[in-house]
Engineer: 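So that we are looking at the same thing, I have put the structure below in structure tokens.
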Amino acid sequence: AYRAIQVDENGILNIGKNDGTVSETVPLIKGKSSYGIFMRSDTASIINFYDGIVKGAAGQSISGPIARTPDGYDVTKGSETIENVEYETAYLISIDAVAKTEINKSVSYYETVQEAINAAGTNEGARVTLLSNNISEGVTVAENQNIILNLNGKKLTYAKASTINNLGTLRIIGDGIVEGTGATLIHTITNDGTLIKDGKGELKATNTGNNYVVDNNATGTFIMNDGTITSNDRGLYNSTATGANGCIVINGGTINAVDYGIYNDSVATDENSPAVKITAGEITSSTEVGIYAVKAGRIEIGNATIVGNTY
């Protein structure tokens, strides 16, 4: 195991400068399969964290007390998976910020997730990262946006409407949870665009009443590559809209629902873009049907496990 910095004697470690300007990218301190910064517990050493980021193995970004940060900033830690290796990252955030937006190398902080999404504009691949846990907010991704939402080990939840309404292109990455807690017919995510689920995070619906985790509307496309979908009611839904050609693609991950795992009303029959295409993964309904095909859409199943119960 390799530690980027280890301090064995009493001392002060300054990361960056307390000069009124905070850099989120410089310096970069990264431990390879171990701590980014390790200070022995029997020393009186301290860390002043003014700039940059510190990466280490899972749970090992920084070991040691942080004495000072810039005014208006605090240190938080988040998790991410890079090339199948889990890292913990320690970084500075504005105390009032719940999300940040990264466009190229420019980083801005915001008090709501919607403000962070709006700030992404039409910049393709702009990244919005959650910084605070248990954020109660419903957000919308506009039709002309193409953004990445990094859950960063946090939870985004809402009850009054869909937690996420996607009209554009949205890729969800990282650990963490997107949760819907609304009443009847309030779905966790309503998708009218292209929605991609990567990373180990969870999409979740906790209430019952014909609620879906993802309501894939009309001509929407939902692609799940990894992670978990959990529902106290229903998992995924392809819309009932007249002539709906919605497409659901499952390339991995797990879907666990009490009611239907996937309920298909799409009539898409194209070989390259069928209503439902499953190449891998596991879909389970604990009380009814794993996949319920109501309309004459094309369904293709590859190397997957589908489990249903009494119906």
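Heavy-atom basis, side chains included; hydrogens, waters and symmetry copies ignored.
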Engineer: Tell me if a side-chain donor or acceptor on N211 pairs with a main-chain N or O of G182 at a distance below 3.5 Å.
Structural biologist: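 Present.
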Engineer: If you measure from NZ on K277 to SG on C247, what distance do you get to the nearest 0.5 Å?
Structural biologist: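 SG of C247 is found 8.5 Å from NZ of K277.
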Engineer: If only atom types and distance count, is the side chain of N152 paired as donor or acceptor with the main-chain N or O of L130 below 3.5 Å?
Structural biologist: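 Side chain of N152 to backbone of L130: a pair is present.
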Engineer: Report yes or no: does N232 contribute a side-chain atom to a donor-acceptor pair with the main-chain N or O of T206 at less than 3.5 Å?
Structural biologist: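 Looks like yes, one N/O pair under 3.5 Å.
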Engineer: Taking atom types as modelled and ignoring hydrogens, do the side chains of D265 and Y237 form a donor-acceptor contact shorter than 3.5 angstrom?
Structural biologist: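 Yes, because at least one side-chain N or O of D265 sits under 3.5 Å from a partner of the opposite role on Y237.
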Engineer: Please check if the side chain of Q145 supplies one atom and the backbone of I117 the other of a donor-acceptor pair under 3.5 Å.
Structural biologist: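 Here the side-chain-to-backbone pair exists.
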Engineer: Pair Y87, K30 - check side chain to side chain contact (heavy atoms under 4.5 Å, CB included), show working.
Structural biologist: CA-CA 10 Å; Y87 290 89; K30 183 178 179 180; 3.7 Å; yes
Engineer: Between N207 and I186, does the side chain to side chain contact (heavy atoms under 4.5 Å, CB included) criterion hold? Intermediate values first, please.
Structural biologist: CA-CA 9 Å; N207 280 1; I186 295 180; over 6 Å; no
Engineer: Going by atom types only, do Y212 and R234 share a side-chain donor-acceptor pair under 3.5 Å?
Structural biologist: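 Note: Y212 and R234 side chains meet the donor-acceptor criterion.
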Engineer: What distance do D74 atom CG and I66 atom CD1 have between them, rounded to the nearest 0.5 Å?
Structural biologist: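 Reported to 0.5 Å precision, the distance equals 8.0 Å.
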Engineer: Looking at every heavy atom in both A90 and I62, which two are closest together, and how far apart are they?
Structural biologist: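 Minimum heavy-atom separation between A90 and I62: CB-CD1, 3.8 Å.
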Engineer: Take I53 and L28 through the side chain to side chain contact (heavy atoms under 4.5 Å, CB included) test and state the conclusion after the steps.
Structural biologist: CA-CA 5 Å; I53 55 177; L28 167 61; 3.5 Å; yes
Engineer: Report yes if the side chains of I189 and F222 come closer than 4.5 Å at any heavy-atom pair, otherwise no.
Structural biologist: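 Not in contact.
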Engineer: Quick check against the 3.5 Å criterion: does N166 have a side-chain atom that pairs as donor or acceptor with the backbone of T194?
Structural biologist: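 Judged by distance alone, yes, a pair lies under 3.5 Å.
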Engineer: One thing to verify: whether K200 and E86 come together as a salt bridge, which I'm taking to mean a side-chain N less than 4.0 angstrom from a carboxylate O.
Structural biologist: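 The answer is no: the pair does not qualify as a salt bridge.
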Engineer: Which heavy-atom pair separates T269 from G297 by the least distance, and what is that distance?
Structural biologist: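 Distance-wise, the nearest heavy atoms are CG2-CA, 4.4 Å.
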Engineer: State, yes or no, whether a side-chain contact exists between S231 and D259 at a heavy-atom distance under 4.5 Å.
Structural biologist: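 Result no, sub-4.5 Å side-chain heavy-atom pair not found.
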Engineer: Within the distance-only criterion (no hydrogens, no angle test), does the side chain of T228 pair as donor or acceptor with the backbone N or O of T254 below 3.5 angstrom?
Structural biologist: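 Not a single qualifying donor-acceptor pair exists.
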Engineer: Check each of E179, K204, E202 against T230 using the side-chain hydrogen bond (donor to acceptor under 3.5 Å, both in side chains) test, and report the only one that passes.
Structural biologist: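 Considering E179, K204, E202, a side-chain hydrogen bond (donor to acceptor under 3.5 Å, both in side chains) with T230 is found only for E202.
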Engineer: Measuring from Q114:CD to I135:CD1, what's the distance to the nearest 0.5 Å?
Structural biologist: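 Reported value, rounded in 0.5 Å steps: 12.5 Å.
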Engineer: Taking D51 for its side chain and S23 for its backbone only, find out whether a donor-acceptor pair lies under 3.5 Å.
Structural biologist: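 Between the backbone of S23 and the side chain of D51 there is a qualifying donor-acceptor contact (under 3.5 Å).
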Engineer: With no hydrogens and no angle check, just 3.5 Å: does a side-chain donor-acceptor pair link N165 and T190?
Structural biologist: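 Judged by distance alone, the side chains do not pair up.
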Engineer: Please check if the side chain of K17 supplies one atom and the backbone of T21 the other of a donor-acceptor pair under 3.5 Å.
Structural biologist: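 Checked: no pair found.
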Engineer: Between atom CD1 of I82 and atom OG1 of T89, what is the distance when rounded to the nearest 0.5 Å?
Structural biologist: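 I82 atom CD1 to T89 atom OG1 measures 6.5 Å (nearest 0.5 Å).
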Engineer: Has the side chain of K55 got a donor or acceptor atom that lies under 3.5 Å from a matching backbone atom of A57?
Structural biologist: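 No, K55 side chain to A57 backbone: no donor-acceptor pair under 3.5 Å.
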Engineer: State whether a side-chain donor-acceptor pair under 3.5 Å links T305 with E282.
Structural biologist: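 Distance-only check fails for T305 and E282.
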Engineer: Please report the interatomic distance CG(L203) to CG(L195), rounded to the nearest 0.5 Å.
Structural biologist: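 Here the rounded value is 7.5 Å.
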Engineer: What's the spacing between I262 CD1 and I250 CD1 if we round to 0.5 Å?
Structural biologist: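 Rounded to the nearest 0.5 Å, the CD1-CD1 separation comes out at 5.0 Å.
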Engineer: With distance as the sole test, does N133 use its side chain to make a donor-acceptor pair with the main-chain N or O of K155 at under 3.5 Å?
Structural biologist: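 Checking the backbone N and O of K155 against the side chain of N133, a donor-acceptor pair under 3.5 Å is found.
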Engineer: Are the side chains of N134 and T157 in contact, using a 4.5 Å heavy-atom criterion?
Structural biologist: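 The answer is no, as the side chains (C-beta and beyond) never meet within the 4.5 Å cut-off.
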Engineer: Check step by step if side chain to side chain contact (heavy atoms under 4.5 Å, CB included) holds for L236 and V276.
Structural biologist: CA-CA 10 Å; L236 306 179; V276 178; over 6 Å; no
